[in-house]
Amino acid sequence: MSRDYTEMEKKWQKAWTDQKLNEAEPDSRPKFMLIFAYPGLTGYLHVGHLRGYTYADAIGRYKRMTGHNVLFPVGTHATGNGAISLYNKIHAQDPKTIDYLKRNGCTDAELAGLTSPMAVVKFFNGVYVNEYWKRFGFLADWRRFTCTLFPDYAKFIEWQFCQLKAANLLIQKPYYAPFCPNCGPVAVDPSETDLSKGGNAETQEYTLLKFWCEEQQLYLVAATLRPETVFGQVCFWARPDLEYVKIKKGKEIWVVSPQAAEKLELQMDGVTTIGKVKGDEMIGWQCRAPMLHKLIPVFPAAFVDPDVGTGLVTSVPSDAPDDWDSLEKVKQDPALRVKYGLSQKLIDSVKPVSIISIEGYGEFPAQTIIEKMKIADVEDPAKVRELMEEAKKQVYKDGYHMGRMKDTCGAFAGLRVEEAKDKMKQAMLDSGEAELFRDLTEEVVCRCGRRVHIKRIDDQWFIDYGNADLTARTKEHCKGMQIFPQEYYDNVGGVLDWFRERACVRLGNWLGTKFPFDPKWTIEAISDSTLYPLYYTISLYANEGRIKPEQMKPEFFDYVVLEKGTAAAVAAATGIDTTLLDKIKADVHYWYPLDINLGGKEHMTVHFPVFLMNHRAILPDSMQPRGIIVNWYVTGKNKDKISKSKGGAQPIPGAAAKYGVDSMRLYYAHVASMFVDVEWDEDIVFMYRQKLERIMTVVEDLIAAETDVPAGDIDAWLLSRFNTHLAEIRTAMEKYDLRQMATVVYYDMTNDIRWYGRRGGKDKKTIREALRIWINTMMPITPHVAEELWHEAGFEGLVAAAQLPVADSRVQSAAAEYGEDLVQEVIGDVNTIRKIAKTETKKAVIYTSPAWKVDVLKMALADQTAGKLSIPALTKECMANLELRKNGKATAEFAKKTAVDVMHAGAAARQPVADLNETALLQSACGFIASELGMEIAVYSADDTAKYDPQNKAHVAVPGRPAIYLE
RNA sequence: GCCGACGUAGCCGAGUUGGCCAAAGGCGGCAGACUCAAGAUCUGUUCCCUAGCGGUUCGCCGGUUCGAAUCCGGCCGUCGGCACCA
């Protein structure tokens with residue numbers, strides 16, 4: 001059967017909003033406020049993003065149907081340059097961008113309206129709200145929607161920063177940032193939000209080593225990542241074919257590559273280029289090596305890269321494969337000697353010095369690795385370069401972890417490399433022989449096209465997340481929070497400890513709130529999204545125009561949030577009347593604290609810590625967050641990010657139309673736990689769609705089948721099962737385990753209904769009661785289908801507004817539930833035996849346990865309940881009974897088995913076995929079993945003297961496990 | 001490199017306070033039913049052996065224990081974060 005899902009969804013969505021089910025106003029119920037971490041407005045989202053959002057809506061709906069007044073607000077994060085960049089591409093008519101927009105459903109008219117970055121923001125705000133969240137049936141309070149670029153939101157952020165300042169958590173100090181000459185500081189990260197190239201680059205700290213060249217009265221400056229190797233320096237490398245520059249740095253003159261000079265200017269004061277010097281000119285110069293204080297010669301080397309470090313390199317052939325290799329070349333190439341006028345004596349005087357001992361390496365680790373990797377045998381220069389890089393990394397890694405400084409290393413002899421590195425660096429910095437320099441590990445290019453380098457920014461503002469008191473108080477609070485998964489709860493304290501100061505403002509042309517203490521700065525993207533859930537309690541009034549941004553002065557927030565000042569004074573300062581002020585204040589304190597903040601796993605070490613710390617820093621105890629849920633991703637095939645070229649990039653509205661919103665919601669909820677990644681697979685979504693359709697058919701068949709008949713055992717069984725399921729659902733949802741709930745509702749309950757039908761159940765009263773429960777439980781995850789079925793079943797009102805029934809323990813019966821298990825088990829056993837026997841069978845005889853075994857079981861249960869069950873005790877007890885004693889050996893054996901079993905499983909699990917009259921149950925189910933198996937069935941008690949038992953099977957029957965004979 | 005997490009049958013994934021766990025559920029496979037037909041639905045089955053017994057499994061190696069998918073150590077592999085992306 002094919003349904004028009006889209007139409008059905010629209011119908012019920014309209015019914016919900018007509019009744020304002022999504023709009024949250026304070027009342028007398030307990031409140032529940034949850035959000036998902038708002039998404040960055042970077043363009044269209046894909047089906048993976050809906051996973052977390054759907055969890056939030058389902059949890060909100062569940063809370064609503066269990067007595068809570070739920071506030072579920074949404075918003076978007078647009079701070080940064082994403083919208084500017086997108087706008088620029090649209091403006092430039094970039095074909096790829098236009099195609100991307102159109103493919104995702106942007107019409108020509110809409111495209112024509114994207115005439116500014118803010119227009120882009122507004123457009124996507126509409127897309128997210130209408131095409132994603134409303135489309136998916138979310139019961140979010142749309143009236144409260146906010147965006148980080150709204151003027152009222154800015155007022156809130158300004159206030160937040162005033163609070164941070166007042167708490168002494170804003171500090172200023174120099175900072176080294178990736179910097180574009182056009183755009184200012186940029187974020188270097190793999191998502192390349194700000195970049196067109198180089199997202200994987202890292203900032204590396206080099207030690208600049210200064211080599212005094214007496215005859216030239218200047219310093220040759222080399223950059224190294226291995227300051228611990230200075231005792232192994234034997235010469236110095238320059239590229240003869242390059243032109244270097246002389247720069248003046250204070251009173252000193254340095255020689256570096258022009259590229260390095262440009263970078264140094266960004267990081268150091270008073271650096272100016274004053275001249276040039278050719279590489280080949282320098283060959284043969286003598287310079288004094290730092291730490292070693294020995295003269296070493298400048299030799300030519302081809303591997304030197306002017307873009308890396310300073311374009312000059314100090315040579316430590318013992319531990320650097322490139323140095324080893326280049327020194328070999330100098331020694332073996334007579335032409336070089338002639339070309340640069342180097343004397344044989346000078347060349348001979350340069351010998352590697354062994355400085356670090358590493359297990360598994362020889363005297364000279366660089367030599368060892370070159371030989372081990374057989375680099376000398378490789379012809380292709382590109383391949384050689386690659387191998388040399390690998391060799392360098394390997395030697396470095398082994399040296400760093402396992403190496404120890406040899407006696408040649410002066411005061412540092414004996415130290416592990418790990419320790420020596422920092423100590424030697426510090427010693428040279430202290431003596432003025434070295435300075436620090438930061439560089440990126442690969443070429444980074446800004447979205448504007450300019451090359452990005454590291455720049456020192458002197459007056460950078462930070463939020464001081466390293467503050468010990470704040471960290472301690474935040475950690476303390478976390479202990480009382482509900483944080484899922486457990487692993488993150490256990491670890492969040494460690495994350496908070498690790499968190500240190502974080503730059504919170506940036507220069508350049510960015511969208512965002514201006515820093516209130518100096519408008520040249522814009523508050524950056526993470527810092528303006530830490531306390532924002534609070535703002536949803538206020539945004540309603542700004543969105544409705546009842547308060548104006550210019551009225552939202554610090555006094556306003558002080559009053560409504562922190563309850564500082566008086567309504568009269570704040571009214572005078574802001575022009576907002578006192579009634580409204582007090583209404584807003586009441587709202588804030590009704591809704592806050594936040595109960596759940598739900599977000600993807602990438603938030604664990606960035607957003608969640610700052611969210612927690614800003615709350616702790618600014619708000620009182622009564623407003624601290626109560627819960628965090630982390631969800632994992634939906635990935636493309638083979639764990640790639642969902643690729644735009646494959647199915648996963650199918651626009652969300654398209655997927656919703658194709659599968660139906662509820663199928664996708666069920667897919668998200670059930671396909672895996674929240675805490676594992678899932679591969680997007682359309683076939684699996686389709687399967688969930690079929691599952692839902694089957695359930696709808698089952699319900700409709702049930703409605704059609706119901707008649708007024710007397711209720712029987714199977715009716716009691718079904719109601720017992722469903723009430724048990726209600727209890728299971730509540731237990732699962734205490735941990736927000738949507739997957740467990742989905743398993744119960746869509747699988748276990750479906751199977752129960754099916755079994756009920758198979759066993760001939762059709763009592764109208766039972767069916768209506770079961771449906772009432774079942775459809776209710778479907779509401780959180782598949783609300784549209786639930787609403788449709790609720791309507792078809794003729795129940796009143798909207799199920800979205802209904803309350804989940806509470807499990808009624810009076811109709812729950814362990815014995816009734818167990819009885820049906822036994823029937824199924826008997827059928828299963830007969831099938832198994834029939835299959836193994838591989839012969840034609842026409843008749844099955846079932847023998848239930850003899851009464852004496854039931855008696856023994858009852859004794860064991862009583863003993864277990866009294867806490868005194870043991871094998872000898874039970875055996876003795878049995879032997880005290882004269883009847884049992886007659887059959888002493890068998891009784892003792894059975895008593896032993898029973899005791900062990902009851903001790904394992906517990907009395908509660910076995911009680912129903914003892915309570916059930918197996919013979920009566922199986923005899924009454926006899927007809928059913930016969931029709932299921934398609935053979936004749938006879939049921940006897942093992943005690944029945946007139947039973948048919950040609951193979952003497954009856955004696956193996958035990959309670960819960962009837963014996964079976966087939967013929 | 002550092003911090004954290006994960007690794008389960010053909011596949012996706014439950015299970016991890018150690019004990020009815022050969023291990024839920026789904027997909028896929030096989031057999032059957034129904035059917036004009038359906039990526040339909042229903043029933044049974046799906047590690048090996050077997051009248052329900054039993055045997056070998058939960059990345060690899062070793063250890064603790066009466067007992068380990070669950071605890072400990074090492075190794076291998078995957079994922080996230082690593083500071084101006086949320």
Side-chain angles (χ1 to χ4, degrees), chain A residues 1 37-42 77 79-80 82 175 177-179 184-195 199 202-203 393 396-397 400-401 457 460 462 465 485 487-488 490-491 494-495 498-508 510 522-527 529 599-607 630 632-633 635 639 670-673 675-679 681 683-684 686-688 690-691 693-694 697-698 739-740 742-743 746-748 751 754 758 825 827-839 900-901 903-906 909 932 951 953 956 961 963-966:
Chain A
M1 173 189 351
Y38 52 20
L41 268 185
T42 50
H77 183 273
T79 308
Y175 181 70
F179 189 90
V186 293
V188 175
D189 71 278
S191 67
E192 301 196 334
T193 311
D194 298 349
L195 309 176
E202 289 173 38
T203 303
K393 273 187 192 158
Y396 179 77
K397 198 167 139 187
Y400 187 77
H401 293 287
I457 296 167
Q460 173 68 48
F462 293 81
Y465 294 116
E487 289 75 23
Y488 186 52
D490 293 340
N491 194 232
V495 175
W498 163 84
F499 228 89
R500 54 171 201 260
E501 316 85 50
R502 188 182 174 100
C504 62
V505 292
R506 64 197 301 178
L507 299 169
W510 305 94
T522 303
I523 293 169
E524 65 77 42
I526 287 170
S527 302
S529 41
K601 63 176 171 176
E602 76 279 15
H603 292 100
M604 287 195 284
T605 51
V606 185
H607 171 249
V630 185
W632 266 237
Y633 301 156
T635 64
K639 310 232 157 125
H670 187 260
V671 72
S673 95
F675 316 125
V676 297
D677 287 330
V678 171
E679 279 187 20
D681 183 339
D683 291 345
I684 298 197
F686 186 80
M687 187 196 88
Y688 278 104
Q690 286 178 182
K691 179 78 197 169
E693 291 191 345
R694 237 173 293 158
T697 308
V698 167
R739 183 171 207 260
Q740 179 58 28
T743 299
Y746 300 94
Y747 293 86
D748 297 346
N751 288 340
R754 213 179 269 160
R758 256 169 96 180
E825 211 170 299
I827 294 172
D829 282 351
V830 171
N831 266 323
T832 305
I833 299 167
R834 176 158 65 170
K835 195 188 83 193
I836 293 163
K838 291 191 179 92
T839 53
V900 169
D901 177 67
M903 284 189 282
H904 268 299
E932 285 288 310
Q951 284 196 0
K953 288 275 180 192
V956 296
R961 207 79 204 265
I964 293 164
Y965 165 68
L966 297 189

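Letters A, B, ... mirror the listed sequences (proteins, then strands); counts begin at 1.
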Can you tell me the distance, in whole Å, between the [atom1] atom of [X] and the [atom2] atom of [N]?
{"X": "A:Phe675", "N": "B:G15", "atom1": "CZ", "atom2": "P", "result": "10 Å"}
{"X": "A:Ile964", "N": "B:C53", "atom1": "CD1", "atom2": "P", "result": "12 Å"}
{"X": "A:Tyr688", "N": "B:G26", "atom1": "OH", "atom2": "P", "result": "10 Å"}
{"X": "A:Asn751", "N": "B:U41", "atom1": "CG", "atom2": "P", "result": "14 Å"}
{"X": "A:Tyr965", "N": "B:G52", "atom1": "OH", "atom2": "P", "result": "16 Å"}
{"X": "A:Tyr633", "N": "B:C79", "atom1": "OH", "atom2": "C1'", "result": "9 Å"}

With heavy atoms under 4.0 Å as the rule, sort [X] into base, sugar-phosphate or nothing.
{"X": "A:Tyr38", "value": "sugar-phosphate"}
{"X": "A:His77", "value": "sugar-phosphate"}
{"X": "A:Met604", "value": "nothing"}
{"X": "A:Glu487", "value": "sugar-phosphate"}
{"X": "A:Asp748", "value": "nothing"}

Q: Side-chain contact test, heavy atoms from C-beta onward, threshold under 4.5 Å: evaluate it for A:Val630 versus A:Glu602 and give yes or no.
A: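 No, every pair of side-chain atoms sits at 4.5 Å or beyond.
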Whole-Å [atom1] distance, [N] and [M]:
{"N": "B:G19", "M": "B:A68", "atom1": "C1'", "result": "10 Å"}
{"N": "B:C66", "M": "B:G18", "atom1": "C1'", "result": "12 Å"}
{"N": "B:A69", "M": "B:C34", "atom1": "C1'", "result": "41 Å"}
{"N": "B:G13", "M": "B:G80", "atom1": "P", "result": "15 Å"}
{"N": "B:C58", "M": "B:C21", "atom1": "C1'", "result": "10 Å"}
{"N": "B:G54", "M": "B:G62", "atom1": "C1'", "result": "29 Å"}
{"N": "B:U8", "M": "B:G59", "atom1": "C1'", "result": "10 Å"}
{"N": "B:A40", "M": "B:C47", "atom1": "C1'", "result": "31 Å"}

For [N], which nucleotide is its Watson-Crick or G-U wobble mate, given both distances must be under 3.5 Å?
{"N": "B:A38", "result": "none"}
{"N": "B:G28", "result": "B:U46"}
{"N": "B:G80", "result": "B:C3"}
{"N": "B:C60", "result": "B:G74"}
{"N": "B:U17", "result": "none"}

From the list [options], which nucleotide is the closest neighbour of the side chain of [X]?
{"X": "A:Tyr747", "options": "B:C6, B:G52, B:G25", "result": "B:G25"}
{"X": "A:Lys601", "options": "B:G26, B:C79, B:G81", "result": "B:C79"}
{"X": "A:Arg500", "options": "B:G4, B:C79, B:A83", "result": "B:A83"}

(Q) Quick one: does any side-chain atom of A:His607 pair with a main-chain N or O of A:Gly599 as donor and acceptor, under 3.5 Å? (A) no
Q.
Treating A:Tyr633 as the side-chain partner and A:Gly600 as the backbone partner, does any N or O pair qualify as donor plus acceptor under 3.5 Å?
A. no
Q: For side-chain contact (heavy atoms from CB on, under 4.5 Å), just list the numbers for A:Thr605 and A:Trp498, CA-CA rounded to whole Å, side-chain angles, deciding distance to a tenth of an Å, and then say yes or no.
A: CA-CA 9 Å; A:Thr605 51; A:Trp498 163 84; 4.2 Å; yes
Q) Are A:Ser527 and A:Glu524 close enough that a side-chain donor and a side-chain acceptor fall under 3.5 Å? A) yes
Q | Under 3.5 Å side-chain donor-acceptor pair for A:His670 and A:Thr743 | A |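 Distance-only check passes for A:His670 and A:Thr743.
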Q: Locate the shortest heavy-atom distance separating A:Gln460 from A:Cys504; write the atom from each residue and the value.
A: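 Result for this residue pair: NE2-N, 4.0 Å.
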Output one line per pair: protein atom, nucleotide atom from nucleotides 42-44 of chain B, and distance, for all N/O pairs under 3.5 Å.
unit_1: B:C42; atom_1: OP1; unit_2: A:Arg754; atom_2: NH2; d: 2.5

Going from [atom1] on [X] to [atom2] on [Y], what distance comes out if it is rounded to the nearest 0.5 angstrom?
{"X": "A:Asp748", "Y": "A:Gln740", "atom1": "CG", "atom2": "CD", "answer": "7.5 Å"}
{"X": "A:Thr522", "Y": "A:Leu507", "atom1": "OG1", "atom2": "CG", "answer": "8.0 Å"}
{"X": "A:Arg506", "Y": "A:Ile457", "atom1": "CZ", "atom2": "CD1", "answer": "10.0 Å"}

Pairs under 3.5 Å (N/O, protein and nucleotides 10-13 of chain B):
unit_1: B:G13; atom_1: OP1; unit_2: A:Asp677; atom_2: O; d: 3.1
unit_1: B:G13; atom_1: O2'; unit_2: A:Arg739; atom_2: NH2; d: 2.9

Q: Identify, between A:Ile457 and A:Ala963, the residue whose nearest nucleotide on RNA chain B lies closer to the 5' end.
A: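 Here A:Ala963 is the residue nearer the 5' end.
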Q: Could you list the residues that satisfy ring-ring contact (aromatic ring centres under 6.0 Å, His included) with A:Phe686, not counting sequence neighbours?
A: none
Q | Test side-chain contact (heavy atoms from CB on, under 4.5 Å) applied to A:Lys601 and A:Phe675, step by step | A | CA-CA 9 Å; A:Lys601 63 176 171 176; A:Phe675 316 125; over 6 Å; no
Q. Ring-on-base stacking between A:Phe686 and B:G39, under 5.5 Å between centres and under 30° between planes: is it there?
A. yes
Q. Given B:U41, is OP1 or OP2 found less than 4.0 Å from the side-chain N or O atoms of A:Gln690?
A.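 For A:Gln690, the contact criterion (side-chain N or O under 4.0 Å from OP1 or OP2 of B:U41) is met.
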